[in-house]
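Worksheet: one structure, shown below.
Throughout, protein chains are lettered first and strands after them, A, B, ... in sequence-line order, and every chain is numbered starting at 1.
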Number of protein chains: 2
Amino acid sequence: MVEYTFTLDNTFGALADNTRRDILRRVSEAELSVSQLAKNYDLTFAAVSKHLKVLERAKLVIKRRNGKEQLVSLAPQAMADAAQYIEWYKQFMESRLDALEIYLKEDQNGRQ
Amino acid sequence: MVEYTFTLDNTFGALADNTRRDILRRVSEAELSVSQLAKNYDLTFAAVSKHLKVLERAKLVIKRRNGKEQLVSLAPQAMADAAQYIEWYKQFMESRLDALEIYLKEDQNGRQ
DNA sequence: TGTATATTCAACCATTTGGTTGAATGATAG
DNA sequence: CTATCATTCAACCAAATGGTTGAATATACA
């Protein structure tokens with residue numbers, strides 16, 4: 001674990017919003033312009049542009065200019081980092097997930 | 001994908017803070033009282049208590065009373081849910097991670 | 001060159017967040 | 001009961017977030 005602190009703050013912070021997660025979902029399927037993205041939300045263009053800046057800061061997406069428009073796509077390198085953080089969290093949860101299994105087995109009945 | 005929206009907001013929101021991630025790390029190893037936790041940070045007791053409420057709202061920890069103190073531990077069921085979200089995110093990233101491999105192979109040299 | 005299109009920037013506003021302090025509540029020990 | 005320890009609640013504050021509108025910038029097109 002290096003100095004992931006700020007990056008993790010940005011990464012998780014960026015993921016803590018449904019619009020941004022939806023943007024990620026969309027651009028994970030295809031590279032889209034800002035206006036193409038903006039069409040999907042009941043938000044102003046500027047608001048979507050701001051969301052994109054949050055995602056850019058978190059290095060979850062990159063933009064490249066194509067004529068008048070700006071094309072958004074997932075940022076492959078940061079994506080790998082994100083997956084790594086997530087993997088780390090999964091690891092650190094793992095021991096507890098073992099405990100969970102035991103817990104669930106011991107508790108087949110009395111779940112509220 | 002059910003209605004994870006609010007939960008994911010809370011989950012990722014809760015994870016977007018180093019103090020809270022550190023609390024999670026600590027309580028993943030052992031059940032700790034609020035004051036035992038608070039000792040580790042240069043924060044008031046109340047501030048730590050607030051962080052714990054955020055983690056509770058995200059169902060990442062649970063508290064149980066033990067005499068005067070309140071013992072904090074990872075919330076096993078929510079932990080499983082969190083792992084599931086994370087797994088989902090990994091899945092949806094997977095296609096792009098394949099693309100990443102290709103990208104990395106094609107780009108052995110020119111990384112800035 | 002001027003105009004339209006795509007996007008960002010700046011200023012502003014309301015709400016949320018992360019922190020503080022001090023009072024209130026809960027539980028145990030005398 | 002009352003004092004004490006552990007924790008929360010309430011009120012407050014500054015900074016960050018998520019949104020708006022309107023002006024500014026960049027590119028293409030005629």
Q | Interatomic distance, B:Leu52 CG vs D:dA6 P [rounded to whole Å] | A | 16 Å
Q | Shortest non-hydrogen contact from B:Ala16 toward B:Arg21 | A | C-NH1, 3.8 Å
(Q) Which residues in residues 63-72 of chain B have a heavy atom closer than 4.0 Å to any atom of DNA chain D? (A) B:Lys63, B:Lys68, B:Glu69, B:Gln70
Review item, nucleotides 14-19 of chain D N/O atoms under 3.5 Å of protein N/O:
residue, atom, partner, partner atom, Å
D:dG18, OP1, A:Arg20, NH2, 3.3
D:dG18, OP2, A:Arg20, NH1, 3.1
D:dG19, OP2, A:His51, NE2, 2.3
D:dG19, N7, A:Lys50, NZ, 3.0
D:dG19, O6, A:Lys50, NZ, 2.3

Q. If only side-chain N and O atoms of B:Lys53 are considered, is one of them under 4.0 Å from the OP1 or OP2 phosphate oxygen of D:dC9?
A. yes
Q.
As a quick check of understanding, evaluate side chain to side chain contact (heavy atoms under 4.5 Å, CB included) for A:Leu32 and A:Val72, giving each step before the final call.
A. CA-CA 5 Å; A:Leu32 293 168; A:Val72 181; 5.5 Å; no
Q) Which residue lies toward the 5' end of DNA chain C, A:Val34 or B:Phe45, if each is placed at its nearest nucleotide? A) A:Val34
**Q.** ILVMFWY network linking A:Val27 to A:Val54, side-chain heavy atoms under 4.5 angstrom
**A.** no
Q) Looking at A:Ala58 and A:Asn10, what are the two nearest heavy atoms and their distance? A) CB-O, 3.5 Å
Q. Does a nitrogen or oxygen in the side chain of B:Ser49 sit under 4.0 Å from OP1 or OP2 of D:dT7?
A. no
Q.
For the backbone of A:Gln70 and the side chain of A:Arg65, can you confirm whether one donor and one acceptor N or O come within less than 3.5 Å of each other?
A. no
Q) So, the side chain of A:Arg20 versus the backbone of A:Ile23: is there a donor-acceptor pair under 3.5 Å, distance only? A) no
Q | Check: B:Lys53 main-chain N/O paired with B:Glu56 side-chain donor or acceptor under 3.5 Å | A | no
Q: Assess whether salt bridge (Lys or Arg N to Asp or Glu O under 4.0 Å) is satisfied between B:Arg26 and B:Asp22, documenting all intermediate values.
A: CA-CA 6 Å; B:Arg26 288 179 194 274; B:Asp22 195 71; 2.8 Å; yes
Q: Kindly point out which of D:dT7, C:dT21, C:dA6 is positioned nearest to the side chain of B:Ala46?
A: C:dT21
Q.
Measure CG/A:Leu55 against C1'/C:dT7 and give the value in whole Å, please.
A. 16 Å
